[in-house]
> 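One structure, as structure tokens, below. Some questions next.
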Amino acid sequence: WLFVKPALTPKERKVTLSYIPATFILFVLGLCFGYFVVLPIVFHFLIGLGNDMFATMFTTEKYFRFVLHMTLPFAVLFELPVIVMFLTRIGLINPYALQKVRKYAYFVLVVVAVSITPPDFISDFLVTIPLLLL
């Protein structure tokens with residue numbers, strides 16, 4: 001904050017400080033969604049792939065790496081509404097321009113949701129719906 005603060009105008013400082021709590025809450029909600037909703041489904045799906053063919057063995061390093069790779073993208077994606085609101089508030093994005101590209105934004109969100117989940121319909125659906133609602 002000390003590095004960024006001198007470059008901001010007083011209006012930008014006020015706006016930035018007002019968005020920090022919302023950013024934190026949405027980040028935590030994204031982590032919880034990724035951990036409690038998506039991770040069990042993905043984990044069950046991956047375990048079921050080789051259920052009868054081989055024995056599954058986990059190391060703590062690989063497990064925690066897997067958990068981080070599954071939860072952190074959701075935490076970042078859940079912050080998108082706050083980022084868009086912030087950029088609109090400081091004047092970098094125009095609401096009319098956002099209205100024009102809304103259908104393309106929906107398509108991009110669906111593509112992102114499908115690309116970060118395993119190839120089953122339920123997990124794709126569970127990830128797409130919250131992203132579209134946010």
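Source: prediction; values computed, not measured.
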> Under the salt bridge (Lys or Arg N to Asp or Glu O under 4.0 Å) rule, collect the residues that match up with Arg13, sequence neighbours excluded.
none
> Provide the closest heavy-atom pair for Gly30 versus Phe78 in the form atom of the first, atom of the second, distance.
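Taking every non-hydrogen atom into account, CA-CG, 3.6 Å.
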> Are Leu92 and Ile83 co-members of a hydrophobic cluster defined by side-chain heavy atoms under 4.5 Å apart?
yes
> Under a 4.5 Å side-chain heavy-atom rule over Ile, Leu, Val, Met, Phe, Trp and Tyr, are Leu31 and Ile129 clustered together?
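No; Ile129 is not reachable from Leu31 via cluster members.
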> Who are the side-chain contact (heavy atoms from CB on, under 4.5 Å) partners of Val37, not counting sequence neighbours?
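In terms of side-chain contact (heavy atoms from CB on, under 4.5 Å), with neighbours along the sequence ignored, Val37 is linked to Phe33, Leu126.
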> Suppose we screen for ring pair (Phe, Tyr, Trp, His ring centres under 6.0 Å). Which residues come up paired with Phe36, at least two apart in sequence or across chains?
none
> Can you tell me how far NZ of Lys5 sits from CG of Leu17, rounded to the nearest 0.5 angstrom?
8.0 Å
> Working to the nearest 0.5 angstrom, can you tell me the gap between Glu79 CD and Leu77 CG?
9.5 Å
> Do the side chains of Tyr106 and Val112 join up, straight or via other hydrophobic residues, at under 4.5 Å, putting them in one cluster?
yes
> Can you check whether Asn94 reaches Thr88 side chain to side chain, under 4.5 Å on heavy atoms?
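Sidechains of Thr88 and Asn94: no contact.
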> Please list, chain by chain and in numerical order, all residues satisfying ring pair (Phe, Tyr, Trp, His ring centres under 6.0 Å) with Phe27, sequence neighbours excluded.
none
> I need the minimum non-hydrogen distance between Lys11 and Arg89, along with the two atoms involved.
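Minimum heavy-atom separation between Lys11 and Arg89: NZ-O, 4.0 Å.
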> Do Val28 and Val76 sit in one hydrophobic cluster, given that two such residues count as connected whenever their side-chain heavy atoms are within less than 4.5 Å of each other, even indirectly?
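In one cluster with Val28: Val76, no.
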> Does Thr128 reach the main-chain N or O of Phe125 with its side chain, forming a donor-acceptor pair under 3.5 Å?
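No: the side chain of Thr128 does not pair with the backbone of Phe125.
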> Does atom CZ of Phe58 have more than 12 heavy-atom neighbours, drawn from other residues, nucleotides or ligands, at distances under 6.0 Å?
yes
> With sequence neighbours excluded, what pairs up with Glu61 under the side-chain hydrogen bond (donor to acceptor under 3.5 Å, both in side chains) test?
Arg65
> Counting C-beta onward and ignoring hydrogens, is there a side-chain heavy-atom pair between Leu80 and Leu109 closer than 4.5 Å?
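The answer is yes; the side chains approach within 4.5 Å.
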> Quick one: side-chain contact (heavy atoms from CB on, under 4.5 Å) partners of Val67, sequence neighbours excluded?
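Scan of Val67 (side-chain contact (heavy atoms from CB on, under 4.5 Å), adjacent residues dropped) gives Tyr35, Leu39, Tyr63, Thr71.
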> Quick one: do Phe64 and Met57 end up in the same hydrophobic cluster if we chain Ile, Leu, Val, Met, Phe, Trp and Tyr together by side-chain heavy atoms under 4.5 Å apart?
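Each belongs to a different hydrophobic cluster.
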